[in-house]
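Lettering follows sequence order; numbering is per chain, from 1.
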2 protein chains.
Amino acid sequence: MPSPARRAAGANLPQVRDHNSALVLDLVRRGGAISRVELAAQSGLTAQAITKIVNRLVADGLVTEAGRIGSTGGKPRTLLRLDPTARYAVGVHLDRDDTTVVLTDLTAQKVTRRHVPQGMTADPSATLDRVADAVRAVLTDIADASRLVGVGIACPGPLDHTTGVLHRVTGLPDWDGFPLGAEAADRLGAPVTVDKDTNAAAIGQTLSSPDTPVNFAYLYHGQGIGAGLVLGGRVYRGRRTNAGEFGHQVIDLNGPPCRCGNRGCLEALCRAALDTGNPVRAAHLVGIATANLVHLLDIDHIVLGGPVVLAAAEQYMQEVATTVNALLPEPDWQRVIVGLAADRADTIATGAAALALAPLFNTSTSDDGADRAA
Amino acid sequence: MPSPARRAAGANLPQVRDHNSALVLDLVRRGGAISRVELAAQSGLTAQAITKIVNRLVADGLVTEAGRIGSTGGKPRTLLRLDPTARYAVGVHLDRDDTTVVLTDLTAQKVTRRHVPQGMTADPSATLDRVADAVRAVLTDIADASRLVGVGIACPGPLDHTTGVLHRVTGLPDWDGFPLGAEAADRLGAPVTVDKDTNAAAIGQTLSSPDTPVNFAYLYHGQGIGAGLVLGGRVYRGRRTNAGEFGHQVIDLNGPPCRCGNRGCLEALCRAALDTGNPVRAAHLVGIATANLVHLLDIDHIVLGGPVVLAAAEQYMQEVATTVNALLPEPDWQRVIVGLAADRADTIATGAAALALAPLFNTSTSDDGADRAA
DNA sequence: GCCATAAGTAAACGCTGTTGATTAACTGGG
DNA sequence: CCCAGTTAATCAACAGCGTTTACTTATGGC
């Protein structure tokens, strides 16, 4: 079921509890193996509070004790770890011509994968029936059905993340206004979250690679070019879930016409470069557009994914990295790191699963880069 | 004093209290006149909690009761209002050649203004002495010194908002590494917040115009072109307080060289247009760059300020509005509203005062557009 | 062995918002 | 005119959060 329309901002005790539990779980996730004292230091909570919170997490099976670490003259620290098998999530990448369904564990690692040779070019209801079959199929790999956190669905935008309703998917009138979230929840009887493919990929990167920074952009280069923006540890979607339209930024006033109606969009220029068999030129253009993004958002980490990137991953990555850093006035001060997506092949499907997992860790842990004021 | 280096994310009761107090105060601010029932509905807190919180705010003098509103068959609602005179803040706009100091009330409305004909081209310490004199001068307008919330200082970047230290201000080597926040706090004996001029302007807009949406960009067109980004009701600064470098986005691959070393930056193109006496062309270019920003951040509200804008405000505004909306694929769905800054003349100075006021309302009230997930 | 040191826990506590009952202040019908 | 009905706001008792203080557990060093 899609998330409720509005969530009030007033805080009460249950919310404090949930917030702190999620925060501690997130610190355990990122720490790999971490002790209670470290949790106390990093969270700002007292040791006693950490004890209680960890006890709850252990009782829920999410966290396990994992040995001791050498003493420095006192009682040695007890290490805590996430149990990846404690929970599972299903991710659905609903694309134009086909659909990929994956089952992942708590750390967004792929467990099972299933392919459905039918996508959004087909009838919505019929397609959803087949997708639901595939979801049930991958779920047979979980011993305990109660360990399913939920189902995430990622598809091309535009759509409304809060309601799970699609909005004028280009060239697919049947899907316009289709209540994807509600229909899927009906068929599956499980919580469903709907989001843009690029946002899913970005969340997937955050959860599957514990060292991913709190501010980064995931650039997906496939048929189009889109960005998933993670700012302060959270996906930034904008009001209409329409943020991240990276490919339609104009970088050449006198450039060629684009399918969107404008001239000189990044996407149009890249297409031209690829058509003439020049992928390095395309990567170079993406690098220039990335510099624009870095200037605007002060982001220092870029993750690349998508078929066009994968066609020549190393080369593409290098070209983007050198281009973007060359365009910054002080590369020493604000060097941009460029990397590749964690799950290269099914990056969006695993990301969709991460959509469902995210609420368990739903918090912006540190203030690093997330510093804001009213 | 600059804010502490790190604030942990763990939540405890005092934080809940502060959070909810700030939330309620923010709702009162935005509501203009609002009843306790409405506060309960909008905050999600119970009526009883609102009673307690409002009682505290009234005791602090921040909120006052202001009459009743017609009944709908029961006891009429008691209206609550912000008392603008309850607190004051000082804003300092430290610019290259001169400095503006203002005193504002709780709603970021200008009370007193003072001009210092000396800025960052002069010696840091001597300049700060003169600025401190001006601050003390405007403070004589407050009867009760304890009503001063703090002092905000806005200046051209780059700088580190968290520490209040400047970083390589272009062409002003004396100020490189200058601990502006600490030095000012020393001289004034009051809390000091330092931020980029554009960020200050954006906060000022939020506080002085209660109907400002939670997602918007403040575009300042002066010697350069910068943006202050407010996302989810809070200023987005990025990790190095360097977000919002709007003027150095490349929009013309083959454009003229820019002082930053690249080609085809918005700023370089605008300068060329202005040099040839074509301000409408400059506004048009800004409109194109704004469309890029809208595509990336799904923002539907733009506020314009700065000398170049004010030179022909209506014309500039119109040109930006028509250009940006023409570049969007679905103008009906995502129409962008373009407006002018609230305090046209001293927009950055009043914004600097708002920097100090912001923590009183420090919260993202609604989920409108601020919807995020880990 | 014994002490210093550090990690972690037990018990009592303060304070938050919540719950359920109660009072305050109005409208409208007879 | 008065009383039922309705809505706003409050009073009093309460549950549950993290905190504080005191204590236990487990190691290293002498």
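Per the geometry, CD belonging to B:E65 stands 15 Å off P belonging to D:dA8, to the nearest Å. Atom P of nucleotide C:dG8 and atom CG of A:L45 are separated by 15 Å, given to the nearest angstrom. Atoms CG (A:L39) and C1' (C:dG8) sit 13 Å apart, rounded to a whole Å. Going from atom CD1 of A:I50 over to atom C1' of D:dT20 covers 16 Å, rounded to whole Å. The separation between B:I34 atom CD1 and D:dA8 atom C1' is 14 Å, rounded to whole Å. What separates NE2 of B:H19 from C1' of C:dG17 is a distance of 13 Å, to the nearest Å. When the P atom of C:dG17 is taken as reference, atom CG of B:N55 falls 12 Å away, rounded to whole Å. Put simply, CD on B:Q15 is 13 Å from P on C:dG17, counting in whole angstrom units.
Look at A:R36 and you'll find a side-chain N or O under 4.0 angstrom from OP1 or OP2 of C:dT9. Between A:T78 and C:dA7, a side-chain N or O to OP1/OP2 separation shorter than 4.0 Å is absent. Note on A:N12: a side-chain N or O is less than 4.0 Å away from OP1 or OP2 of C:dT18.
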Verdict with reasoning, B:L80 to B:E65, per side chain to side chain contact (heavy atoms under 4.5 Å, CB included): CA-CA 5 Å; B:L80 301 167; B:E65 297 200 342; 3.8 Å; yes
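For the pair B:T104 (side chain) and B:T350 (backbone), a donor-acceptor distance under 3.5 Å is absent. Checked by atom type and distance alone, the side chain of A:H19 pairs as donor or acceptor with a backbone atom of B:A9 at under 3.5 Å. Under the 3.5 Å distance criterion, the side-chain polar atoms of A:D195 are left unmatched by any main-chain donor or acceptor of A:H161. One N or O on the side chain of A:N215 and one on the backbone of A:G232 form a donor-acceptor pair closer than 3.5 Å. A donor-acceptor distance shorter than 3.5 angstrom exists from the side chain of A:D298 to the backbone of B:R240, with no hydrogens or angles considered. Side chain of B:T64 to backbone of B:D83: no donor-acceptor contact under 3.5 angstrom is found. With B:T241 contributing its side chain and B:R237 its backbone, the two residues share no donor-acceptor pair below 3.5 Å.
Mapping A:A47 and B:E38 onto DNA chain D via the closest heavy atom, the residue that lands nearer the 5' end is B:E38.
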Please list, for nucleotides 13-17 of chain D, all pairs of protein and nucleotide N/O atoms separated by less than 3.5 Å.
unit_1, atom_1, unit_2, atom_2, d
D:dC17, OP1, A:R17, NH1, 2.8

Report each atom pair, protein N/O against N/O of nucleotides 27-29 of chain D, whose distance is under 3.5 angstrom.
unit_1, atom_1, unit_2, atom_2, d
D:dT27, O2, A:G73, O, 3.4

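Comparing C:dG8, C:dG17, D:dT19 against the side chain of A:S35 picks out C:dG8 as the nearest.
Listed by first and then second residue, the side chain to side chain donor-acceptor pair (under 3.5 Å) pairs that reach into residues 143-153 of chain A are A:D144-A:S146, sequence neighbours excluded.
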